[in-house]
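Reminder, nothing fancy here: chain letters follow the sequence lines and each chain counts from 1.
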Amino acid sequence: MNKAIFGNYLPGNSNIHRMNPTAKILATLLVITWILFANNIWNYGLLVAFAVFETYLAQLKLKTVLKAIKPFIWLIMFTVVIQIIFSPHGSSYFSWGPIKITNYGIQLAGLIFIRFVLIIIQATLLTMTTSPNSIASGVEKLIAPLRYVGVPVETIGIMISIALRFVPTLMEELQVIMDAQRLRGVMFNSGGFIKRCKNIISLIIPILVSSFRHADNLADALGASGYEANQPRSSYRQYHWNLTDSITIIAVILLGIAVILMRTLS
Amino acid sequence: MQSKIEFKTVSFVYPNQVKALNQLSFKIEAGKKIALIGKNGSGKSTIAKLIDGLLSATSGKILIDEIELNETTIADLRQKIGIVFQNPEDQIIGATVEEDVAFGLENRNLQFKLMKKRVNQALQDVGMLEYANINPNLLSGGQKQKVSLARSLALQPSILILDEATSMLDPIAKSEIKHIISSLQRKNKLTVIYITHDMEMLENVDQVLALDHGDLVFNGKPEKLYHETDILAQLAIKPPFTEQIKQLFKEHGYNPPVEYLDDRGLSEWITKLF
Amino acid sequence: MDNKIVLKNVSYTYAPENIDARQALQNINLTINAGEFITIVGKTGSGKSTLVRLLNGLLTATSGEVIVKQSLITKKMSKKALLKIRSKVGMIFQSPENQLFADTVLDDVSFGPQNFGKSKEEAEQLAKQILTEVGISADLFKRSPFELSGGQMRRVAIAGVLAMQPSILILDEPTVGLDEIGRNEILTMIKKLNEQQHVTILLITHNMQVVSEFAERVIMLDHGQILSDTNPQTFFMQLANEASLPDSVKIYKELAKNGINLEELPLNKKQLVDQVLKKLAK
């Protein structure tokens, strides 16, 4: 029913929302790299402060951003606990068979925890402030150099846009088909293996048939609009590389230098 | 900007040997409103796709403004034609309404400023300008069809084909689109082809072409078709409501006028009986 | 069996845990008796689809009571009880051909009855009978449903629902995209089910011509509430939007403007002509 919601894009008009998507994706990739470089409380502190600052600039609530961590919480917890109990180095607080809790283990677990959270926050800030289609065209621009080795970059861009456009349509159709089969007596979460397979087939076949039909019609619509693969096209969506974008990239590079210099502090 | 279309003994056979059109010959004069009717599978949509070059004729000639449609002329001729298809879901490509309308202009490699101007004009023409920045997934079926219409109009066609474009819409959206097209037709002197099985769309058209199993069974004014009971039966269509009423009055010994009457016209005639 | 449907103070809210939750239905009170032919009208988003999904447990009311065939539909009801309700409440969606999936026409139509406990033989017997009734000839039974024409696919899909022998049948715009003859065939079939087998019909439609020719009772929803619940005559007299009125009503109103007031609002061509002739005779 919520046709607009895909991914977790929250439309807005902050400086971060308005950034060139190519610059934004590049900056995000750089910051994630710095997160992997960081190794102590000082540079992690700096990166946390940076994430908070970004959230402020994006005019988002910290709570909203932190919510995105929820689906990953078990994975994070699992990794953290493994780190704590199986770390062999450092002075031991407690030991029982192979399990040993050490000061080093706790420290490492803390760093891994913060690393996980920071990476998720960076990815979330990108997807919350950038529409899926802008991400698609940002990726298209980033992979543009591959054109020279024969990769059909524009075609990939159109393919991604169309795929994103049809996700909500197909989701809605899947819901209706599921409802229709339920009313024909299908109980999706019960029955033996063969029964379950048949139930799933009653969803897969219709959605495949429907995808082909959409594709067929869409091909006509593309043709009628004069689209031909690998022909030069102009772009209606204008992304200008603004001062904000340059400043952001410079700031992110300085942040990286700071993070790397601080590695020696531990 | 007016264009005429001529079919000369055009046949079309699908790759699986299914015959879709059988030696069709007809003319559509520039600036007219035409209805192309027939049962599902009678070959109506095949005609639309032939005109737009999405399919090419197995034999015979198609002329647009006296120029024969073939591989060398197709790119130019296609620029004269806009099509809106049946399913509103399957035509929207862009992430926002304005990007969608711009899609065909991007394919023509136009400059941004010119695109912007044409997009705004087209959205204005269909009354959707205020939705320019909306995600099309949020629109109703009727609004999506208006966007599709705008996408065609932005290309400034001289021939507009509506391939069952209103059959999935509710009556209000349907009548809105009908009005938009009528006023555009007058303003831009478009040649309009309605492909339809909806008798309501026949109101005010200049010419009706009726197809049955790939054969042209009628070519003339709509009023004339309403009296061809055999052809109507063959096409599995009912005459418009007012014509049915006229028929009932005839059976009761009254003499309603021969020419087509709409609801208001029929009411006038009934009033005169008193 | 009691086929009554009763809704008491029913509200439904999408995703109530979210702040931006939308209330799709508010305080609906409704009784539908066995064997009624009802049309449900209203704009997209007025709550029509939500309302009918409450009657077969696809959705459960956020508050209030939904009672179908004397059982209260709740989240906690057993699978068996839910299946029992679903076996009696059939639903035909818009473009029902989208739900076809089996290898053959016969397999697809007998899928539902088998899920509801019929043996393969019984189900196939039933499927053959219903397919014949909807106008699918026996030579198509062993064909793949995807080889058929659009109109035939739709009939097969409808047969797949009718084969479950529902006593309450919900139809959500079942004739969109069909030509007039195809539309009338389907609606006439539905009307026959209603008249001969007393199946309760709930038909969602935008088409006022359909309302005027088939309905006995019209329920109009707006913003999740029942705006009116009345007979077609009263409904059309109240309906403000001129563009969507059926022709007979438009002509009635035109005549009234010209000073000719027919005794009753005509709902089809025969009623219209009869009324005019009656008035002329006076």
Side-chain angles (χ1 to χ4, degrees), chain B residues 37-42 86-87 89 138-143 164 166-176 178-179 196-200 232-233 235-254 261-274, chain C residues 41-45 94-95 149-152 154 173 175-185 205-213 241-262 266 268-277 279-282:
Chain B
I37 62 170
K39 281 191 269 197
N40 291 338
S42 60
Q86 180 176 24
N87 193 335
E89 285 303 325
L138 296 173
L139 301 178
S140 70
Q143 290 171 321
E164 300 279 7
T166 57
S167 75
M168 293 179 83
L169 307 183
D170 63 75
I172 296 172
K174 197 197 291 187
S175 83
E176 278 175 6
K178 231 164 76 176
H179 280 117
T196 183
H197 55 236
D198 185 353
M199 282 300 99
E200 269 178 58
L232 289 178
L235 297 171
I237 53 173
K238 281 187 186 173
F241 189 82
T242 51
E243 291 295 322
Q244 296 175 37
I245 297 284
K246 270 160 64 176
Q247 189 55 40
L248 281 178
F249 273 108
K250 258 189 216 164
E251 283 163 22
H252 284 93
Y254 290 87
L261 297 174
D262 61 7
D263 289 336
R264 181 168 297 166
L266 185 70
S267 309
E268 294 293 328
W269 176 75
I270 294 176
T271 307
K272 282 185 199 137
L273 294 179
F274 287 90
Chain C
V41 300
K43 285 188 210 117
T44 311
Q94 194 169 358
S95 312
S149 76
Q152 288 170 329
R154 189 166 293 199
E173 290 277 9
T175 60
V176 163
L178 291 184
D179 55 34
E180 204 188 342
I181 303 285
R183 191 182 84 193
N184 277 345
E185 275 174 8
T205 184
H206 278 116
N207 191 321
M208 293 303 152
Q209 206 70 43
V210 171
V211 175
S212 74
E213 282 174 40
N241 197 310
E242 294 282 330
S244 56
L245 286 176
D247 289 289
S248 62
V249 180
K250 280 187 196 160
I251 293 172
Y252 171 88
K253 292 196 170 177
E254 283 291 333
L255 286 174
K257 269 189 223 160
N258 297 343
I260 295 162
N261 295 304
L262 300 181
N268 55 41
K269 59 180 178 183
K270 195 175 169 302
Q271 285 180 13
L272 174 65
V273 176
D274 286 350
Q275 294 258 353
V276 172
L277 294 176
K279 185 103 182 157
L280 278 169
K282 277 188 186 169

All side-chain contact (heavy atoms from CB on, under 4.5 Å) counterparts of B/Pro171, not counting sequence neighbours: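 Scan of B/Pro171 (side-chain contact (heavy atoms from CB on, under 4.5 Å), adjacent residues dropped) gives C/His206, C/Ser244.
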
Can you measure from [atom1] ([X]) to [atom2] ([Y]) and round to the nearest 0.5 angstrom?
| X | Y | atom1 | atom2 | value |
| --- | --- | --- | --- | --- |
| C/Lys253 | B/Ser267 | NZ | OG | 12.5 Å |
| B/His252 | C/Leu280 | NE2 | CG | 11.0 Å |
| B/Leu266 | C/Lys250 | CG | NZ | 12.5 Å |
| B/Asp170 | C/Glu173 | CG | CD | 8.5 Å |

pair C/Val273-B/Tyr254: side-chain heavy atoms closer than 4.5 Å: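 Contact flag for C/Val273/B/Tyr254 side chains = no.
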
Options B/Met168, B/Lys174, B/Glu176, ranked by heavy-atom pairs under 4.5 Å with chain C, top entry: B/Met168

Heavy-atom pair count under 4.5 Å with chain C, highest-scoring of B/Leu273, B/Ile245, B/Asp262, B/Asn87: B/Ile245

Exercise: identify the closest heavy-atom pair between B/Phe274 and C/Val276: CZ-O, 4.2 Å

Nearest heavy atoms of B/Phe241 and C/Asn268, plus distance in Å: CZ-C, 4.3 Å

Taking side chain as everything from C-beta outward and backbone as N, CA, C, O, which of these in [X] sits under 4.5 Å from a heavy atom of chain B? Side chain, backbone, both or neither.
| X | answer |
| --- | --- |
| C/Ser248 | both |
| C/Gln209 | side chain |
| C/Lys279 | both |
| C/Leu272 | side chain |

Most chain B-contacting option - heavy-atom pairs closer than 4.5 Å, from C/Thr205, C/Leu178, C/Asn207: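 Looking at each of C/Thr205, C/Leu178, C/Asn207 in turn, C/Leu178 comes out on top.
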
Top contributor to chain B contacts, counting heavy-atom pairs under 4.5 Å, from C/Lys269, C/Lys43, C/Met208: C/Lys269

N/O donor-acceptor pairs under 3.5 Å from side chains in residues 254-262 of chain C, not counting sequence neighbours:
unit_1, atom_1, unit_2, atom_2, d
C/Glu254, OE2, B/Arg264, NE, 3.4
C/Asn258, ND2, B/Thr271, OG1, 2.8

